[in-house]
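Here the structure is laid out as structure tokens; the discussion comes afterwards.
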There are 2 protein chains.
Amino acid sequence: MKRETLKNWQSVRKEVLNRIHSRQWKPGELIPNEADLAQEFGCARSTVNRALQNLADDGLLDRRRKAGTRVAMHPVRKATMSIPVIRNEIIARGSAYGYDLISSERSTPPPHVAALMGLAPRAGVIHIVCVHSADDTPYVIEDRWISSDWVSPDDMVNFANLSPNEWLVTHVPFTAGDIAFSAISAGAFEAALLGCELGAASFVIDRTTRNNERTITTVRLIFAPGYRIDTEI
Amino acid sequence: MKRETLKNWQSVRKEVLNRIHSRQWKPGELIPNEADLAQEFGCARSTVNRALQNLADDGLLDRRRKAGTRVAMHPVRKATMSIPVIRNEIIARGSAYGYDLISSERSTPPPHVAALMGLAPRAGVIHIVCVHSADDTPYVIEDRWISSDWVSPDDMVNFANLSPNEWLVTHVPFTAGDIAFSAISAGAFEAALLGCELGAASFVIDRTTRNNERTITTVRLIFAPGYRIDTEI
DNA sequence: TAGTGGTCTAGACCACCCG
DNA sequence: GGGTGGTCTAGACCACTAG
């Protein structure tokens, strides 16, 4: 059987992936170096390099200088999920988007929020609670704290019609953030806003975002029972 | 102010990121083309290309031929989380790992499993329920169905001491999969195995993996209440 | 159809680190 | 020390698509 030359990095990637999946190259095994593969495939070394780097990024290969490239022992599969603006998520589902501001006030942060955001006890913060709905059914509660450094007084008015989620995305750039996923039982507060039973299991996302070490905002999203987030690997 | 030349793609990436974060280049705005940036930075176009492609992969730039490169309107941040072997996850937390096989039997799939896995009603499947624990406290229930095509009879014995989670990772290669995250209220079954109260909110991961269109296994992981999964963006 | 990003090439040098 | 991956370069051609 004669092998045609592989001229682009995607096809090289595919061929290497085949050899891994077919166990021609087994987990932990050393594969030929870039120069040899380039010769075999009839392409430049940089093309092979691009393909192998891409596979290493995906966690399927372990690469080290001098040691060479090995098939990953435990293919560290990474689930990646995009974090869209809530309004877009609801619209993408084909539902009508609704938004209700529940409360909005300037104050000082309670201890757990001050700790989470790394703020002084007397720092100024804005606390906003609102509900996003899909086809008039509550979809998620947005319970957010924003360091007041980032919000001018005029902006407060906006939150009556524009969710802080969306406002922040378009007005305040961030450089890093933490995300946590968990589950909680709906208390009286959540049950009332989501229109669900007391104790129902809700999916929760906690997110804190920063701009160069300065915390901008921390938010808890409490989804209506039944919510699920899908992705592929 | 004189700019020093940026010679590697990481520093170009960093500089571009700076301009985005400082709003010198605002969301939706067109940035200079690769050739111009290369000249400004004093490096080759391919170096700029590498940096910009990397940023586009991260969702911070939108690039289209002829149309040019724009700062993403809504920085589509992607949370990526690695999916480790449960035993390693528990050990990484510094806890002692424990494993208990609850049940293991060959049968035919119930309708919802057959549908999920795309199997015939009379196909052979293996149903395994087991519990992983950390420091003798139940950590997660693994409720798994495996198409019997992938398991020889001898392997059944193994599951007494080795979790199917771990066995599959090291013995059966997969090419793709779906993952879903959700929350459920613990029923009698879950409460008994996890040692939690009836109705407690549990974090759930459903995962189905395939090898070239043939489904290998589907699993539901039901975590003990309080579990949370952390990641960064 | 012209301008932009996408990619390949051949060669080169370097950084790392296993033996 | 020497082999390996990591990266840069300059040039070239191609693919796509907005105007």
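Fair warning: this is a prediction, and the values are worked out from it, not measured in the lab. Per chain, numbering begins at 1; letters A, B, ... match sequence-line order.
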Taking only side-chain nitrogens and oxygens of [X], does any of them come within less than 4.0 Å of OP1 or OP2 of [N]?
X: Asn49(B); N: dG6(C); answer: yes
X: Arg64(B); N: dT4(C); answer: no
X: Thr47(B); N: dT9(D); answer: yes
X: Gln53(B); N: dG5(C); answer: no

Once you round it to whole Å, what is the distance between [atom2] of [N] and [atom1] of [X]?
X: Arg63(A); N: dT7(D); atom1: CZ; atom2: C1'; value: 12 Å
X: Asn33(B); N: dT4(C); atom1: CG; atom2: C1'; value: 7 Å
X: Gln39(B); N: dA10(D); atom1: CD; atom2: P; value: 12 Å
X: Asp62(A); N: dG5(D); atom1: CG; atom2: P; value: 13 Å
X: Leu61(A); N: dT4(D); atom1: CG; atom2: P; value: 16 Å
X: Leu52(B); N: dT4(C); atom1: CG; atom2: P; value: 14 Å
X: Lys66(A); N: dC18(C); atom1: NZ; atom2: C1'; value: 5 Å
X: Leu55(A); N: dG6(D); atom1: CG; atom2: P; value: 12 Å

By nearest heavy atom, map Arg50(A) and Ala67(B) onto DNA chain C; which one lands nearer the 5' end?
Ala67(B)

With DNA chain C as reference, determine whether Arg65(A) or Gln10(A) sits nearer its 5' end, using the nearest nucleotide of each.
Gln10(A)

Yes or no on side-chain contact (heavy atoms from CB on, under 4.5 Å) for Arg87(B) and His132(B), after CA distance, side-chain angles and deciding distance?
CA-CA 8 Å; Arg87(B) 184 166 66 86; His132(B) 304 258; 5.8 Å; no

So which nucleotide does dG19(D) pair with, by the Watson-Crick or G-U wobble rule with both distances under 3.5 Å?
none

Considering residues, nucleotides and ligands other than Arg23(A), do more than 12 of their heavy atoms fall under 6.0 Å from its CZ?
yes

Return the nearest nucleotide to the side chain of Trp9(B); candidates are dG5(C), dG5(D), dT7(D).
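Output: dT7(D).
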
Test Thr69(B) against Asp62(B) for side-chain contact (heavy atoms from CB on, under 4.5 Å), laying out the working first.
CA-CA 6 Å; Thr69(B) 299; Asp62(B) 285 334; over 6 Å; no

Check the angle between the aromatic planes of Tyr139(B) and Phe223(B) and answer parallel, tilted or perpendicular using the 30° and 60° thresholds.
perpendicular

Under-3.5 Å donor-acceptor pair between Arg45(B) side chain and dT7(C) base:
yes

Ile205(A) CD1 to Ile229(B) CD1 distance, which is reported to the nearest 0.5 Å:
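So the gap between those two atoms works out to 11.5 Å.
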
Sugar-phosphate only, base, or nothing, as touched by Ser46(A) at under 4.0 Å among non-hydrogen atoms
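Base contact.
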
